[in-house]
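Just below is one structure, and these are the notes that go with it.
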Amino acid sequence: MRALRRLIQGRILLLTICAAGIGGTFQFGYNLSIINAPTLHIQEFTNETWQARTGEPLPDHLVLLMWSLIVSLYPLGGLFGALLAGPLAITLGRSPSW
């Protein structure tokens, strides 16, 4: 009886780990698809902003570099936002959203 209980608990643990892994991967892929949908618009905006400030367009390889930095820093912003939201809500108080 004890061996059967351990076997069932082991299977439940394995299924839980698999579900968490698949769920986490799904969310990460969904977030990447959200940021990759407006790729051309963001690249054009970056190039137009650079051109407005300096008077000359940004080379294609630097536009790609800027886009890569934006996409790679996007999850870090989510991480820091998630870590700071709780302490800020405690410090500043929670306001109702009406």
Side-chain angles (χ1 to χ4, degrees):
M1 186 68 174
R2 205 173 224 176
L4 180 63
R5 180 174 281 172
R6 282 182 165 263
L7 182 65
I8 290 174
Q9 286 178 345
R11 286 189 179 184
I12 290 174
L13 178 63
L14 180 66
L15 288 173
T16 304
I17 290 170
C18 289
I22 291 170
T25 305
F26 176 75
Q27 287 178 334
F28 184 72
Y30 178 71
N31 285 336
L32 283 182
S33 67
I34 287 175
I35 191 70
N36 285 331
T39 299
L40 293 177
H41 300 292
I42 295 174
Q43 286 178 344
E44 288 175 6
F45 172 76
T46 304
N47 200 10
E48 289 170 4
T49 304
W50 184 270
Q51 190 169 9
R53 291 181 181 177
T54 64
E56 52 189 53
L58 200 58
D60 288 341
H61 68 281
L62 288 180
V63 171
L64 185 62
L65 177 67
M66 292 293 291
W67 172 245
S68 300
L69 287 173
I70 290 170
V71 171
S72 63
L73 292 175
Y74 178 72
L76 289 176
L79 173 70
F80 287 125
L83 291 174
L84 292 175
L88 281 176
I90 292 171
T91 303
L92 301 174
R94 299 173 188 265
S95 63
S97 56
W98 18 50

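Side-chain atoms are counted along with the backbone in the values below, which use heavy atoms only and exclude waters and symmetry mates.
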Remaining members of the apolar cluster that contains Phe45, side-chain heavy atoms under 4.5 Å: none
Stepwise side chain to side chain contact (heavy atoms under 4.5 Å, CB included) check, Arg53 with Thr49: CA-CA 6 Å; Arg53 291 181 181 177; Thr49 304; 3.7 Å; yes
Joint cluster assignment, Leu65 & Val71, ILVMFWY side-chain distance < 4.5 Å: no
CG on Leu64 to OG1 on Thr39, rounded to 0.5 Å: 10.5 Å
From Leu79 atom CG to Leu73 atom CG, the distance as rounded to the nearest 0.5 Å: 12.0 Å
Thr16: side-chain contact (heavy atoms from CB on, under 4.5 Å) partners, not counting sequence neighbours: Ile12
Trp67/Thr46 under side chain to side chain contact (heavy atoms under 4.5 Å, CB included): CA gap, chis, key distance, verdict: CA-CA 8 Å; Trp67 172 245; Thr46 304; over 6 Å; no
Closest approach of Val63 to Asn47 (non-hydrogen atoms, all atoms of both residues): CG2-CG, 4.2 Å
Heavy-atom pair with the smallest gap, counting every atom of Leu69 and Ser72: O-OG, 3.1 Å
